[in-house]
Amino acid sequence: MDPFGSVLVPALSYFLGGFIFGWAKPVPYNPHNLKPGRWPEAFVALAGPLSNITLALIFGMILRFQVASAMNPALIDITALIVFINILLAVFNLLPIPPLDGSKLLFALFPEKLYRMRGVFEQFGLILVILFIFFAWQVIYPIVRSLFILITGLPL
């Protein structure tokens, strides 16, 4: 947990404007433990979104297969929120904008000439992420909503 990005900035942004903004610490890994090439880093990057999708599927199946019928309505809401947040995180992290995981997958597909330009893309990545959040967030919501309905069978 990043104290600045997970606590201070979200608290300040909530109290100053109502819009909550924050971030988490990236999961560290040692690139020297990977085999040479582009794909091992892409597989490491894919682990985060895959874990989000797995959690969304597990909790979504609880809602879909009527296990929720015997559950407290508050527990149903929490389970649905877990599914929604994990789908949102998976879709967001798969965006091909550095430093998000989708960029690592995209860079693995780049030809050698473009792969060398990776540093240029990464230099402006955080600015692009912030611009995306403020101006193109509505692009993600229909995707997240459709996946939520597909997994849970419930309206969002």
Side-chain angles (χ1 to χ4, degrees), residues 1-11 13-14 19-110 115 118 121-122 125-126 128-156:
M1 190 164 121
D2 181 18
F4 188 72
S6 299
V7 179
L8 185 62
V9 171
S13 63
Y14 175 76
F19 179 77
I20 300 174
F21 180 76
W23 60 88
K25 245 185 210 181
V27 177
Y29 73 97
N30 187 349
H32 298 292
N33 289 338
L34 301 176
K35 292 180 181 177
R38 302 182 212 172
W39 287 105
E41 184 180 25
F43 291 139
V44 170
L46 196 57
L50 280 179
S51 66
N52 291 125
I53 291 167
T54 303
L55 285 170
L57 287 172
I58 290 169
F59 284 93
M61 294 303 113
I62 291 171
L63 292 174
R64 179 174 276 283
F65 292 119
Q66 303 304 323
V67 176
S69 62
M71 293 170 59
N72 182 333
L75 194 55
I76 293 172
D77 289 344
I78 291 170
T79 306
L81 185 61
I82 290 170
V83 173
F84 178 78
I85 288 173
N86 276 287
I87 293 171
L88 180 66
L89 287 172
V91 171
F92 181 72
N93 278 317
L94 285 173
L95 290 173
I97 304 171
L100 301 176
D101 294 328
S103 69
K104 307 286 192 284
L105 298 170
L106 183 64
F107 290 143
L109 295 172
F110 275 5
Y115 186 76
R118 178 179 175 173
F121 290 115
E122 289 178 343
L126 187 57
L128 292 173
V129 169
I130 292 170
L131 288 174
F132 182 87
I133 289 170
F134 284 109
F135 298 111
W137 189 252
Q138 63 272 14
V139 173
I140 285 184
Y141 182 74
I143 297 167
V144 173
R145 184 177 183 272
S146 298
L147 289 172
F148 181 86
I149 293 169
L150 179 71
I151 291 171
T152 64
L154 300 174
L156 184 62

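Keep in mind it's a predicted model, so treat the numbers as computed, not measured.
Between I149 atom CD1 and R64 atom CZ the span is 10.5 Å, to the nearest 0.5 Å. Atom CG of L89 and atom CG of L100 lie 11.0 Å apart (nearest 0.5 Å). Remark: L95 CG to L128 CG distance equals 11.0 Å, nearest 0.5 Å. Annotation: the span from L126 atom CG to L131 atom CG amounts to 9.5 Å, rounded to 0.5 Å. Rounded to the nearest 0.5 Å, atoms CG (L147) and CG (L156) are 11.0 Å apart.
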Indicate every side-chain donor-acceptor pair of residues 28-37 with a distance under 3.5 Å to a residue at least two apart or in another chain.
unit_1 : atom_1 : unit_2 : atom_2 : d
Y29    : OH     : E41    : OE2    : 3.0
N30    : OD1    : H32    : N      : 3.0

Which atom pairs, donor and acceptor, lie under 3.5 Å between side-chain atoms of residues 47-57 and protein residues at least two apart or in another chain?
unit_1 : atom_1 : unit_2 : atom_2 : d
S51    : OG     : A47    : O      : 3.4
S51    : OG     : G48    : O      : 2.7
N52    : ND2    : N86    : OD1    : 2.9
T54    : OG1    : L50    : O      : 2.7

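For the pair K104 and P99, the tightest heavy-atom approach, listed with the atom from each and the gap, is NZ-O, 3.9 Å. Summarising the geometry of P96 relative to P98, their closest heavy-atom pair is O-CD, 4.0 Å, with the distance given to 0.1 Å. Of all heavy-atom pairs between T79 and F59, the closest is CG2-O, 3.5 Å.
The ring-ring contact (aromatic ring centres under 6.0 Å, His included) check on F43 picks up nothing, with sequence neighbours excluded. L8 pairs by the side chain to side chain contact (heavy atoms under 4.5 Å, CB included) definition with F4, L12, not counting sequence neighbours. Remark: A136 engages F132, V139 in a side chain to side chain contact (heavy atoms under 4.5 Å, CB included) (not counting sequence neighbours). In this structure, the side-chain hydrogen bond (donor to acceptor under 3.5 Å, both in side chains) partners of D2, at least two apart in sequence or on a different chain, are W23.
Among residues at least two apart or in separate chains, there is no side-chain hydrogen bond (donor to acceptor under 3.5 Å, both in side chains) pair with a member in residues 142-156. Applying the ring pair (Phe, Tyr, Trp, His ring centres under 6.0 Å) definition to pairs two or more places apart or across chains, those involving residues 133-156 are F19-F134, F92-W137.
The side chain to side chain contact (heavy atoms under 4.5 Å, CB included) test with V91 singles out one residue from L88, I87, L94, and that residue is I87.
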Show your reasoning for whether side-chain contact (heavy atoms from CB on, under 4.5 Å) applies to L154 and V83.
CA-CA 11 Å; L154 300 174; V83 173; over 6 Å; no

